[in-house]
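Right, I'll just put the structure down here and ask away after.
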Amino acid sequence: MKEFIPTIVLDGAPLWAFITWVIVLSAHAIQQPKICRLLGYNGPVPSGLGKLVLLAAPLMSLALCMTAGPTAGIFYWCGTFSLAGVVTALGLACLQSHR
Amino acid sequence: MRDTLRQRLGWLHTWIGFVTGLLLCVIFAGGTLAVFNTEITRWMQPENSRLPSGLAPSPKALEAARQNLETLRAQGKQPFLSLPSVRDPVLRVLQYDGHEFVGPALDPIDGQRINVRQTVGGQLFYNLHFTLWLGRDWGRRVVDMLGLAMLVGILSGIIIHLRLLLPDLVLFRPFAARARAWLDGHILAGVFFLPFIVGITYTGVIIHAAAVLPDGAAIHRQAGPMPTALKTPQALPSLTPMLTRAEAEFGAGQIGFFLFNPHHISAVRADGASFLMTRDEAEFRYEDGAFLRHVKHIGATTVLSQGFRGFHFARWTPLPLRWLYFLSGLGGTLLIASGLVLFLMRYRRRYGNTISFCLAESLVIAVLVGFVVAALGLFWTNRLLSATLASRVMWERNIFMAIWLFSLLHAWGLVLAKRAMSAWRQQLLAVTILGMGLPILDILTRSSWTVLLGRNIFCAIDCCALVVGMSAKAIHQRLNAPHQT
Amino acid sequence: MPDIFTSVALHYNNMRMSRIIPFKAWSPAYSRVLRLVICMSLAWGSGAAIVQAVALHFSSIGENAYVAGQIMACLLIPIFMIIGFGWHRYGLLALGIIGTLAMLACQLG
């Protein structure tokens with residue numbers, strides 16, 4: 001399967017997994033009324049197909065991480081989730097302060 | 001008022017969290033630094049900075065190591081030989097001095113002694129992490145009990161926060177009221193680093209579970225008669241053929257160290273060879289170095305146990321994953337630290353003038369800031385003490401302890417004088433100076449430092465110290481703001 | 001209905017026992033600390049009994065049976081603590097029953 005994945009994705013798999021997690025968690029955040037209120041966000045929120053994609057995205061990041069091997073992959077997946085969560089929360093906090 | 005499950009568990013979380021959190025914070029911080037224990041040791045021995053990583057030991061170097069080992073064995077010591085690896089490129093003839101593993105480092109090419117300074121290195125944090133320096137038996141017992149308490153704290157925390165777990169997943173309000181901001185930070189660290197914190201705590205407790213739960217070793221392991229090799233150390237056979245034979249069993253570069261057991265010599269599989277920390281061995285005879293057998297540790301429980309060790313010790317991890325371990329450990333430390341600060345905030349108004357609160361606050365200052373001052377102080381001590389000083393290891397250890405103790409006394413004195421904020425500020429200032437000054441010290445005390453600019457352990461540790469210093473400065477400034485005092 | 005410790009606390013205060021024992025009053029905090037200590041003892045005792053029971057029933061695998069028991073016990077002890085402390089009315093009873101069963105499993109090998 002690795003032959004079909006571009007080298008840039010394969011080499012930076014944990015980084016891509018991290019980015020995927022940031023997108024998923026940001027999308028989750030804008031679905032929460034409390035966070036929307038804090039941010040003053042009134043834009044569109046994912047619904048229907050968008051939610052399905054958001055559910056599938058963590059699996060995609062898991063698949064990406066697995067290219068580093070099954071054991072390391074699980075660790076990368078969990079580790080990038082933790083880091084992405086903190087980065088997303090800090091990013092949203094910065095947006096709050098700007099507002 | 002109704003006595004609900006959340007209230008009960010809230011009380012349990014608060015008190016178990018505070019009482020054990022003081023020591024757990026030290027354990028977590030020590031463990032976080034111990035992720036890079038080898039790298040810290042290398043930073044503290046700048047003399048071997050020119051050696052490239054991943055060199056296989058030459059026969060000449062192994063012969064020199066053998067002679068070193070024989071000399072030590074003749075003195076009645078029990079040394080072992082650590083082989084070079086990607087993380088640590090030298091041969092080390094090590095022995096346990098009751099506190100740390102110490103001994104000479106040899107060049108893997110020609111076997112010449114590298115004139116490195118003796119240092120406690122990263123081993124200090126490693127030992128602190130799993131024994132709190134209370135001795136091997138009591139230390140493991142105490143740390144294990146604390147680990148169980150941590151699991152209780154985590155479980156109660158999850159139950160308390162369960163209702164808001166998903167809606168408030170990424171909620172962080174650093175600009176809200178201070179207590180709210182700290183609580184958000186506490187929850188944020190707790191939720192996102194939960195997989196790591198639960199995993200690392202549980203595996204840590206399991207590894208030394210025998211210290212607090214019934215153990216089968218006494219029944220199932222019986223000591224044999226004292227062999228001749230232990231009474232009168234024999235001449236060691238050549239190590240090169242043994243290493244070649246062991247590599248044929250485990251693969252090239254997969255041998256971690258040679259142990260000199262009473263009955264035989266063991267070439268032990270490197271801990272970094274795979275996720276499972278198997279410690280499989282190739283055994284050799286003392287007389288002629290002949291291969292005896294390949295000892296494989298198998299069985300479902302054994303493999304499970306090896307997996308727990310692999311998870312906890314993380315010696316198999318590639319560099320990016322090691323950094324993730326480090327950052328996750330930092331997350332765990334911040335979780336406990338924010339919990340301690342929240343405890344003080346909660347009880348300051350009602351009990352702020354009592355002696356017990358003063359004691360609690362000074363302990364928190366000593367743990368949260370004093371430990372960082374002492375750790376940075378150790379790095380400074382390492383470079384400022386003469387490289388040839390006798391009992392250097394003891395000096396470094398004692399100075400680390402002295403700085404930490406001084407931090408506690410300083411905090412205690414100022415808190416009693418109703419100047420708790422000054423205690424926080426002054427110690428944070430010390431962290432700022434020591435942290436931001438460490439890169440400069442490194443440049444001044446390391447020869448040919450320009451050659452080693454770039455991606456290496458020296459730059460990484462200097463950058464980390466700089467970040468710690470800058471963070472301390474930011475907190476210091478926030479504490480200085482008029483509305484915060 | 002207050003649990004056993006709060007009842008004792010109320011009784012203590014009503015009886016003016018504080019004249020004899022030098023506590024100002026038996027607050028709920030004291031009862032909670034007492035309950036916590038009992039929970040810890042019972043949870044650890046149950047865990048230790050589980051290890052012994054597993055070691056006894058799977059003695060064929062030798063020392064590994066102890067390791068398996070320890071792996072189970074380290075998972076269960078915190079859960080026992082939460083049950084004992086968090087379950088308002090029957091938590092300690094449940095913990096007592098668990099401990100007794102584990103002890104029986106030890107003895108009936």
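In what follows, chains carry the letters A, B, and so on, assigned in the order in which the sequence lines appear, proteins first and then strands, with residues in each chain numbered from 1. Below, each value reflects all heavy atoms present in this structure, side chains not excepted, and no hydrogens, waters or symmetry copies.
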task: Kindly indicate whether the side chain of C:Ile71, heavy atoms from C-beta on, has any atom under 4.5 Å from the side chain of B:Tyr202.
output: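 Contact flag for C:Ile71/B:Tyr202 side chains = yes.
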statement: Applying a strict 4.5 Å limit to non-hydrogen atoms, the region of C:Ala55 in contact with chain B is neither
message: So for B:Ala210, is it side chain, backbone, both, or neither that comes closer than 4.5 Å to the heavy atoms of chain C?
response: both
Non-hydrogen side-chain atoms of B:Thr301 and C:Tyr66 separated by less than 4.5 Å: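 The answer is no, as the side chains (C-beta and beyond) never meet within the 4.5 Å cut-off.
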message: At a 4.5 Å cut-off on heavy atoms, which part of C:Ile79 comes close to chain B: side chain, backbone, both, or neither?
response: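 C:Ile79 touches chain B through backbone and side-chain heavy atoms alike.
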message: Check whether C:Gln70 reaches the backbone of B:Pro214 with its side chain - one donor and one acceptor, N or O, closer than 3.5 Å.
response: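 Looks like yes, one N/O pair under 3.5 Å.
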Portion of B:Ser305 that has a non-hydrogen atom of chain C nearer than 4.5 angstrom: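 The answer is the side chain of B:Ser305.
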message: Is any side-chain heavy atom of B:Trp15 closer than 4.5 Å to one of C:Leu36?
response: no
Donor-acceptor contact present, side-chain B:Arg8 to main-chain C:Phe85, <3.5 Å: yes
- request: Step by step, work out the side-chain contact (heavy atoms from CB on, under 4.5 Å) result for B:Leu304 and C:Val67.
  value: CA-CA 10 Å; B:Leu304 197 61; C:Val67 177; over 6 Å; no
task: May I ask you to test the B:Leu213-C:Cys74 pair for a side-chain heavy-atom distance under 4.5 Å?
output: yes
- prompt: Any donor-acceptor pair under 3.5 Å linking the side chain of C:Trp44 with the backbone of B:Val212?
  reply: yes
field: Rounded distance (nearest 0.5 Å) linking atom CE of C:Met81 with atom CG of B:Leu148
entry: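 Between atom CE of C:Met81 and atom CG of B:Leu148 there are 9.0 Å.
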message: Does any part of the side chain of C:Ile77, heavy atoms only, come nearer than 4.5 Å to the side chain of B:Val205, both counted from C-beta?
response: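 Not in contact.
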query: In this structure, which one of B:Thr201, B:Ile154, B:Leu151 forms a side chain to side chain contact (heavy atoms under 4.5 Å, CB included) with C:Pro78?
result: B:Leu151
query: For atom CZ of B:Arg136, is the number of surrounding heavy atoms from other residues, nucleotides or ligands below 6.0 Å larger than 12?
result: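 12 or below, so no.
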task: Name the member of C:Val33, C:Ile50, C:Val51 that forms the most heavy-atom pairs with chain B at distances under 4.5 Å.
output: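 Heavy-atom pair counts peak at C:Val51.
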message: Take a 6.0 Å sphere around CZ of B:Phe313 and say whether it holds more than 12 heavy atoms from other residues, nucleotides or ligands.
response: yes
